Chemist: 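Before I ask anything, let me first share the structure, which is written out below as structure tokens.
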Amino acid sequence: MKKTLFINACVRPESRTYILAQHVLKKIGGQVEELNLEKENINPLNSKGLEIRDKYGQKGDFSHEIFKYARQFSEAERIVVAAPYWDLSFPAMIKIYFEAVTVQGLTFYYTEEGIPKGLCKAEKLIYVTTAGGPMEGMNFGFEYVDALCRSFYGIKDTKCFKAELLDIVGADVEGILKKTAVK
């Protein structure tokens, strides 16, 4: 039975993205470990954080607390990211999370030619998002996460489950969410 790391960036209690993610998680089955980003205290990298990261990373010692998210991400068998569609992408906490995850020597390394190679175990990442209106080809949140997966982490199988037009008058929100989850 595969274990899924569920990265939850849904901040509203009635989040439609969270509901859609639950449909997706039920569909794929297996054991789920949830990381609720709103309950975490992940800070953006600053000079102090970079100093700590560099100090330990250069020694190949990833035991420091600053690496806990990167360790968890690199060990996951499957990953589901639930992030509402905000400002053409996602909430800022997702960017900060991936900043903490992208660690040379832990989630990727550079070849002699300077090309990043992935060190993550996950073969698949599923990105889940919802929007009140149309995304119209501007799902920059998924595009960013997809690029990180392919360029750095070595995760080549990425998929996006997106439900759009949920705020349109008369929209069957629950029907749209269920239909999106079975695609």
Side-chain angles (χ1 to χ4, degrees), residues 1-11 15 17-18 20-46 48-84 89-112 114-129 141-161 181:
M1 179 181 304
K2 289 208 178 204
K3 188 173 181 182
T4 300
L5 174 60
F6 173 44
I7 302 160
N8 177 2
C10 303
V11 297
S15 170
T17 303
Y18 183 82
L20 178 56
Q22 293 307 304
H23 288 305
V24 171
L25 288 166
K26 184 177 178 183
K27 177 184 173 187
I28 63 175
Q31 191 177 7
V32 176
E33 176 185 3
E34 181 174 348
L35 177 65
N36 186 329
L37 295 184
E38 188 173 42
K39 293 179 181 177
E40 299 296 315
N41 186 25
I42 309 173
N43 295 311
L45 278 176
N46 56 24
K48 182 181 177 184
L50 283 171
E51 184 180 317
I52 293 168
R53 204 157 105 160
D54 290 347
K55 175 184 171 183
Y56 286 90
Q58 288 170 358
K59 296 181 213 173
D61 177 2
F62 299 108
S63 61
H64 192 280
E65 181 74 8
I66 201 168
F67 299 111
K68 78 177 188 177
Y69 301 109
R71 287 192 310 264
Q72 180 185 43
F73 190 89
S74 70
E75 292 295 320
E77 294 176 282
R78 278 188 308 214
I79 300 164
V80 173
V81 176
S89 66
F90 45 59
M93 69 178 84
I94 291 286
K95 173 65 172 118
I96 293 168
Y97 171 77
F98 279 107
E99 194 172 77
V101 163
T102 309
V103 175
Q104 185 175 336
L106 190 52
T107 54
F108 79 98
Y109 70 95
Y110 285 112
T111 65
E112 290 179 10
I115 299 168
K117 290 288 185 182
L119 294 172
C120 296
K121 292 182 180 177
E123 295 175 5
K124 183 176 193 109
L125 180 137
I126 298 171
Y127 186 88
V128 179
T129 192
F142 172 67
E143 291 174 13
Y144 172 76
V145 173
D146 178 60
L148 284 174
C149 286
R150 293 173 187 279
S151 299
F152 284 95
Y153 310 139
I155 304 171
K156 302 298 182 200
D157 186 2
T158 61
K159 183 171 185 174
C160 181
F161 285 86

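Along the sequence shown, residues carry numbers from 1. Small disclaimer: the values here were computed from a predicted structure and weren't measured.
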Chemist: How long is the span from the NZ atom in K27 to the CG atom in L25, to the nearest 0.5 Å?
Modeler: 11.5 Å
Chemist: Excluding sequence neighbours, so at least two apart, what forms side-chain contact (heavy atoms from CB on, under 4.5 Å) with E34?
Modeler: F6, N8, Y18, N36
Chemist: So which heavy atom on E123 is nearest to which on K2, and how close?
Modeler: OE1-NZ, 4.0 Å
Chemist: Could you grab the distance from atom OG1 of T4 to atom CD of E77, nearest 0.5 Å is fine?
Modeler: 8.0 Å
Chemist: Which of parallel (below 30°), tilted (30 to 60°) and perpendicular (above 60°) describes Y127 and F142?
Modeler: tilted
Chemist: Would you give the length of the straight line joining atom CD of E51 to atom CG of L45, rounded to the nearest 0.5 angstrom?
Modeler: 12.5 Å
Chemist: Against V80, only a single residue in L125, V32, I28 fulfils side-chain contact (heavy atoms from CB on, under 4.5 Å); can you say which?
Modeler: I28
Chemist: Is the closest side-chain heavy-atom distance between L106 and F67 below 4.5 Å?
Modeler: yes
Chemist: Between G141 and F90, what is the shortest heavy-atom contact and its length?
Modeler: CA-CD2, 3.3 Å
Chemist: Identify the heavy atoms of R71 and F62 that sit nearest to each other, and give their distance.
Modeler: NH1-O, 2.5 Å
Chemist: Calculate, to the nearest 0.5 Å, the distance between atoms OG and OH belonging to S74 and Y69 respectively.
Modeler: 14.5 Å
Chemist: Quick one: closest heavy-atom pair of V101 and A70, and the distance?
Modeler: O-CB, 3.5 Å
Chemist: Which atoms form the tightest heavy-atom contact between I42 and I96, and what is the distance?
Modeler: O-CG2, 3.4 Å
Chemist: How close do C149 and T158 get, counting heavy atoms only, and between which atoms?
Modeler: CB-CG2, 3.8 Å
Chemist: Identify, with sequence neighbours excluded, every residue that meets side-chain contact (heavy atoms from CB on, under 4.5 Å) alongside F108.
Modeler: T102, Q104, Y110, P116, F152
Chemist: Given side chains that start at C-beta, do those of C10 and T17 come closer than 4.5 Å, heavy atoms only?
Modeler: yes
Chemist: For K156, I'd like to know if atom NZ has over 12 heavy atoms of other residues, nucleotides or ligands within 6.0 Å.
Modeler: yes
Chemist: Measure from the side-chain N and O atoms of S15 to the backbone N and O of V11, and report whether any donor-acceptor pair falls under 3.5 Å.
Modeler: no
Chemist: Would you tell me whether Y97 and E40 have side-chain atoms, one donor and one acceptor, within less than 3.5 Å of each other?
Modeler: no
Chemist: Could you check I155 against F73 for side-chain contact (heavy atoms from CB on, under 4.5 Å), going step by step and ending with a plain yes or no?
Modeler: CA-CA 11 Å; I155 304 171; F73 190 89; 4.2 Å; yes
Chemist: Going from NZ on K95 to CG on L148, what distance comes out if it is rounded to the nearest 0.5 angstrom?
Modeler: 7.5 Å
Chemist: Should K68 and E65 count as an ion pair when the cut-off is N to O under 4.0 Å?
Modeler: yes
Chemist: Apply side-chain contact (heavy atoms from CB on, under 4.5 Å) to K55 and H64, showing your working.
Modeler: CA-CA 10 Å; K55 175 184 171 183; H64 192 280; over 6 Å; no
Chemist: Could you work out, with side-chain contact (heavy atoms from CB on, under 4.5 Å) as the rule, every residue matching S63, not counting sequence neighbours?
Modeler: D61
Chemist: Enter the distance from K3:NZ to E33:CD here, rounded to the nearest 0.5 Å.
Modeler: 4.5 Å
